[in-house]
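Below, read A as the first sequence line, B as the second, and so on, with proteins coming before strands; counting in each chain starts at 1.
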Number of protein chains: 2
Amino acid sequence: MQAAREMFVAEGVDRVSMRKIAEKIGYSPTTIYLYFKDKNDLLAQICEETFARLTHNITAIQRLSDNPIEKLRLGLREYIQFGLKHPEQYTMTFIVPLAVGAELPFEQSNGSLAFGTLRAVVKECADANLLKDNDIEVISQTLWAAIHGLTSLLIQHGSFPFVDRETLIDNLIATLIAGLRK
Amino acid sequence: MQAAREMFVAEGVDRVSMRKIAEKIGYSPTTIYLYFKDKNDLLAQICEETFARLTHNITAIQRLSDNPIEKLRLGLREYIQFGLKHPEQYTMTFIVPLAVGAELPFEQSNGSLAFGTLRAVVKECADANLLKDNDIEVISQTLWAAIHGLTSLLIQHGSFPFVDRETLIDNLIATLIAGLRK
DNA sequence: CGAGGAAGTTAACAGTGTTAACTTACAAAG
DNA sequence: CTTTGTAAGTTAACACTGTTAACTTCCTCG
């Protein structure tokens, strides 16, 4: 998995074949199939690791503040920064569609933990009576959609003339929070 | 192109090979290469068509209102609905990364026309003095990022337990507009 | 009639994910 | 000790993929 992750990160998922991974780890190509059902399975398990790292980063940075809104802002920023810092990992985890059936049911995936951190901080904001609306699930999903959109566009559409990244990130987060706040 | 588009839409881009397209149109596989440089080129040209259709839909629906904010809302909604109605086309146009060099320079692409409709309606709002901030480019890109995020998540992450789609769409658009409005 | 070019085809290359059948090595059971 | 079972790994092969080079047809123009 470590070798595969490194190669995926360096060269992109489709340009890394099972044979190349096998060569790198000094085994024959078919050996990989003793430990992973297929390439999608290998990918899915690497994604699980990525979810865990992302969750870790977000919870860590949120400890920097006690203000619920500020914690929310920090978490959203960290999500986007994580994607920009690890574009290939973000791509394979959130953008490239895993073949149907390859992904774990959501409840059993680390993805639900990552989303849980967002839901938790939104709930904090709601409990502190800072939001116009209190449907935590709707708000959390809305926020995720928005930050995922910016992250994936910045990663992928290199030919689009984006304005300064920091400006865009700040503007998106500020707009969202302003729109949600009481 | 028509046959290729239909097959891509029906089966997904990677599950349609050049050979299958050729068989469908009754030619040998290599004939396609007389008219398109490679598969990416074929894809890019289909994407250009998609951009044009999207632009057409958005400008059409915006004629339903004279209120700048309402026009903006209608346009954003139409963008998302277009994606949900044509998920494979949206995927191949906005999600799956075209190989570098395959995509046209942005200025020459129909994509710039589509984005232009968004920029135009944002400018209308700004000119009517309805927005807190008046950096049209930043606002337009922010909005695109957010609606792209929701569209692509809804299309691709089938295993995530999303709340009702309409609720989510309305909430995102309402949040964005509330956040931008004076 | 002959040349040129457009339109299309055949055969092939180098690669892909994946499976079935085979080997090898080693540990526990009789 | 030998036998048996099993874990770990390999070889060979299948059915594909995108793509290129070289070849054939056929029609038009001089």
Rounded distance (Å) that lies between atom [atom2] of [N] and atom [atom1] of [X]:
X	N	atom1	atom2	result
B:D41	D:dT19	CG	C1'	14 Å
B:I32	D:dT17	CD1	P	12 Å
B:L42	D:dG18	CG	C1'	12 Å
A:F36	C:dT19	CZ	C1'	18 Å
B:N40	D:dT17	CG	C1'	14 Å
A:K20	C:dA14	NZ	P	15 Å
A:Y27	D:dT11	OH	C1'	17 Å
B:E23	D:dC16	CD	P	11 Å

Kindly compute the distance separating [atom1] ([X]) from [atom2] ([Y]), expressed to the nearest 0.5 Å.
X	Y	atom1	atom2	answer
B:R63	B:L74	CZ	CG	12.5 Å
B:M7	B:E23	CE	CD	8.0 Å
B:L176	B:L172	CG	CG	4.5 Å
B:L54	B:T93	CG	OG1	8.5 Å

Please evaluate the base of D:dT11 for a donor-acceptor partner in the side chain of A:S28 within a cut-off of under 3.5 Å?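 Check fails, no donor-acceptor contact within cut-off.
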Presence of donor-acceptor pair under 3.5 Å, side chain of A:R19 and base of C:dG15: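 Absent.
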Could you check whether A:S17 gets within reach of a base, just the sugar-phosphate, or nothing at all, counting any heavy atom under 4.0 Å?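 Answer is sugar-phosphate: A:S17 comes under 4.0 Å of backbone atoms only.
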Applying a 4.0 Å non-hydrogen cut-off, can you work out what B:Y35 is touching in the nucleic acid: base, sugar-phosphate, or nothing?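 Sugar-phosphate, no base atom in range.
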From the set [options], return the single nucleotide nearest to any side-chain atom of [X].
X	options	result
A:T31	C:dT19, D:dT10, D:dT17	D:dT10
B:L34	C:dT19, D:dA8, C:dG8	C:dG8
B:Y33	C:dG8, D:dT19, C:dT10	D:dT19
B:T30	D:dT19, C:dT18, C:dT10	C:dT10

Of A:Y79, A:F106, A:F94, A:F115, which meets ring-ring contact (aromatic ring centres under 6.0 Å, His included) against A:F51?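 Among A:Y79, A:F106, A:F94, A:F115, the one meeting ring-ring contact (aromatic ring centres under 6.0 Å, His included) with A:F51 is A:F94.
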Both A:M18 and B:P29 contact DNA chain C. Taking the nearest nucleotide for each, which residue is further toward the 5' end?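 Nearest nucleotide further toward 5': that of B:P29.
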